[in-house]
**Q** 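Right, I'll just put the structure down here and ask away after.
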Protein chains: 2
Amino acid sequence: MKISTKGRYGLRILLDLALYAKEEPRLMKDIASSQEISEKYISRLILKLNQTGLVDSFRGAKGGFMLAKPPKEISLLEIVEAMEGNIALVDCVFDKDFCPKSENCSACKVWASLNKKIRKQMKEISLKDLLKSEKNKINRL
Amino acid sequence: MKISTKGRYGLRILLDLALYAKEEPRLMKDIASSQEISEKYISRLILKLNQTGLVDSFRGAKGGFMLAKPPKEISLLEIVEAMEGNIALVDCVFDKDFCPKSENCSACKVWASLNKKIRKQMKEISLKDLLKSEKNKINRL
DNA sequence: TTTTTATACTACCATTTCAGTCAGGATTGA
DNA sequence: TCAATCCTGACTGAAATGGTAGTATAAAAA
């Protein structure tokens with residue numbers, strides 16, 4: 001029951017973009033050095049964010065990345081699911097064929113209900129909430 | 001972000017005990033055949049449940065396992081943490097030294113807050129809630 | 001006290017998942 | 001053109017996960 005580094009890094013990448021890619025696209029290498037993640041690995045991670053429509057990418061000179069929508073419209077749920085796929089505490093939550101008795105299984109029902117609650121809470125947290133806390137940090141300096 | 005089979009099987013073992021070990025201890029092999037888990041593997045899993053005080057074990061003839069406390073006092077959180085260790089979505093939640101800047105990291109704060117909410121919800125679900133749904137199942141037959 | 005019935009525990013193995021790298025390809029602006 | 005920049009599939013080493021084998025230990029029954 002862990003968030004993988006993919007999920008964690010995904011969040012940090014988006015936070016970085018929210019802070020530094022307001023006027024023009026931000027370079028991969030700038031994200032990489034600022035977040036202390038290798039450029040190679042960032043390129044893999046940001047690909048997913050691009051494919052799921054959370055960031056826009058621009059190639060060639062003056063290229064880079066920007067958020068595809070405003071921070072308040074990007075939820076923690078979207079971010080983690082972009083990076084790790086659907087959140088499914090147990091496989092029978094999304095794949096009904098996974099266990100034959102799932103229709104009638106008390107355990108499955110509990111997991112499904114918990115899964116739903118977790119997703120709901122992750123949906124209620126947006127990138128903007130993190131930005132607030134970043135700004136407080138800067139003000140304190 | 002998955003519940004491992006350890007966690008899932010742990011729940012099923014406890015549910016099995018709640019249903020069938022009311023008067024006298026239930027044998028490992030009976031749990032195994034009823035839950036369709038190998039006896040060997042069950043023995044590993046139930047060991048943890050015993051060590052964390054969720055079940056009592058009795059050796060020798062007439063031995064077996066029983067719940068160590070009533071179902072309503074056993075939460076999903078206890079079960080999963082018994083089987084998988086503390087729930088920590090990210091390592092810095094429990095290990096403050098894990099990331100040097102954790103004191104001042106917006107991302108860490110978000111994960112910690114989410115972690116807290118998830119644990120709270122898991123604490124609010126008890127084995128008794130599952131039993132209700134099991135009984136409904138039996139009544140419907 | 002011996003035998004039988006059970007659980008307790010440690011070491012080990014196979015498979016899958018995860019984190020991260022490499023090398024080169026594709027696209028765009030100047 | 002060509003330099004800047006992102007795109008992508010194949011690959012690798014390490015760690016976690018799922019599961020098995022075998023022996024030790026305890027309790028009850030004979």
Side-chain angles (χ1 to χ4, degrees), chain A residues 1-13 17 21 24-33 35-66 68 80 83-91 98-99, chain B residues 1-13 17 21 24-33 35-66 68 80 83-91 98-99:
Chain A
M1 188 121 177
K2 287 252 185 278
I3 301 286
S4 69
T5 61
K6 277 178 201 153
R8 291 189 288 117
Y9 285 177
L11 175 62
R12 284 167 53 190
I13 291 169
L17 290 180
E24 42 189 53
R26 183 151 164 91
L27 292 181
M28 201 153 64
K29 66 178 175 196
D30 292 336
I31 307 173
S33 68
Q35 295 299 321
E36 294 175 325
I37 306 171
S38 91
E39 212 171 321
K40 281 293 173 193
Y41 198 28
I42 287 256
S43 76
R44 304 294 316 268
L45 301 176
I46 211 165
L47 182 60
K48 297 207 177 195
L49 296 173
N50 184 18
Q51 285 168 345
T52 51
L54 292 177
V55 313
D56 288 332
S57 70
F58 307 91
R59 302 218 262 199
K62 302 225 167 177
F65 302 90
M66 300 184 83
V80 174
M83 301 309 292
E84 308 188 354
N86 275 338
I87 287 178
L89 290 187
V90 298
D91 286 318
F98 180 76
C99 87
Chain B
M1 187 120 179
K2 286 252 186 282
I3 302 285
S4 69
T5 62
K6 278 177 200 152
R8 290 188 287 118
Y9 286 178
L11 175 62
R12 283 167 54 190
I13 290 169
L17 290 181
E24 41 189 54
R26 183 151 163 92
L27 292 180
M28 200 154 63
K29 67 178 174 196
D30 291 337
I31 307 173
S33 69
Q35 294 299 322
E36 294 176 325
I37 307 172
S38 91
E39 212 171 319
K40 278 294 173 191
Y41 198 27
I42 288 253
S43 79
R44 298 252 336 242
L45 302 175
I46 211 166
L47 184 59
K48 297 206 177 194
L49 296 173
N50 184 20
Q51 285 168 345
T52 50
L54 292 178
V55 313
D56 289 330
S57 71
F58 306 92
R59 301 218 263 198
K62 301 220 168 178
F65 301 89
M66 299 183 84
V80 174
M83 302 308 292
E84 308 188 355
N86 275 339
I87 287 179
L89 289 187
V90 300
D91 286 318
F98 179 76
C99 87

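Here is how names work: the chains are called A, B, and so on, in the same order as the sequence lines, proteins then strands, and each is numbered from 1. Atoms considered below: every heavy atom in the structure, side chains included; atoms not considered: hydrogens, waters and symmetry mates.
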**Q** Could you check K48(B) against L54(B) for side chain to side chain contact (heavy atoms under 4.5 Å, CB included), going step by step and ending with a plain yes or no?
**A** CA-CA 9 Å; K48(B) 297 206 177 194; L54(B) 292 178; over 6 Å; no
**Q** Nearest nucleotide by nearest heavy atom, which residue falls closer to the 5' end of DNA chain D, K29(A) or M1(A)?
**A** K29(A)
**Q** Need one value for Q51(B): base, sugar-phosphate or nothing, where a base atom within 4.0 Å counts as base even if backbone is also close, heavy atoms only.
**A** sugar-phosphate
**Q** For R8(A) and V90(B), indicate whether the former's side chain and the latter's backbone hold a donor-acceptor pair under 3.5 Å.
**A** no
**Q** What heavy-atom pair brings Q35(A) and R12(A) nearest, and what distance separates the two atoms?
**A** O-NH2, 2.5 Å
**Q** Is the shortest heavy-atom distance from the side chain of M1(A) to the side chain of I3(B) under 4.5 Å?
**A** yes
**Q** With nearest nucleotides of DNA chain C determined for K62(A) and R59(A) from heavy-atom distances, which residue corresponds to the more 5′ nucleotide?
**A** R59(A)
**Q** Taking any atom closer than 4.0 angstrom to a non-hydrogen atom of chain A, what span of DNA chain C does the protein reach, first nucleotide to last?
**A** dA19(C) to dG29(C)
**Q** Under 4.0 Å from a heavy atom of chain B: give me the 5'-most and 3'-most nucleotides of DNA chain D that qualify.
**A** dG18(D) to dA29(D)
**Q** Kindly give the heavy-atom pair with the smallest separation between L45(A) and M83(A), and that separation in Å.
**A** O-CE, 3.6 Å
**Q** Test I46(B) against I31(B) for side chain to side chain contact (heavy atoms under 4.5 Å, CB included), laying out the working first.
**A** CA-CA 10 Å; I46(B) 211 166; I31(B) 307 173; 3.9 Å; yes
**Q** Just to be sure I understand the geometry, which residues of residues 39-49 of chain A put a non-hydrogen atom under 4.0 Å away from DNA chain D?
**A** S43(A), R44(A), L47(A)
**Q** Which pair of non-hydrogen atoms, one from G63(A) and one from P25(A), has the smallest distance, and what is that distance?
**A** O-CB, 3.5 Å
**Q** Quick check on K29(B): does its NZ atom have over 12 non-hydrogen neighbours (other residues, nucleotides or ligands) under 6.0 Å away?
**A** no
**Q** How close do G10(A) and L49(A) get, heavy atom to heavy atom, and via which atoms?
**A** O-CD1, 4.1 Å
**Q** Between Y41(A) and T5(A), does the side chain to side chain contact (heavy atoms under 4.5 Å, CB included) criterion hold? Intermediate values first, please.
**A** CA-CA 11 Å; Y41(A) 198 28; T5(A) 61; 3.7 Å; yes
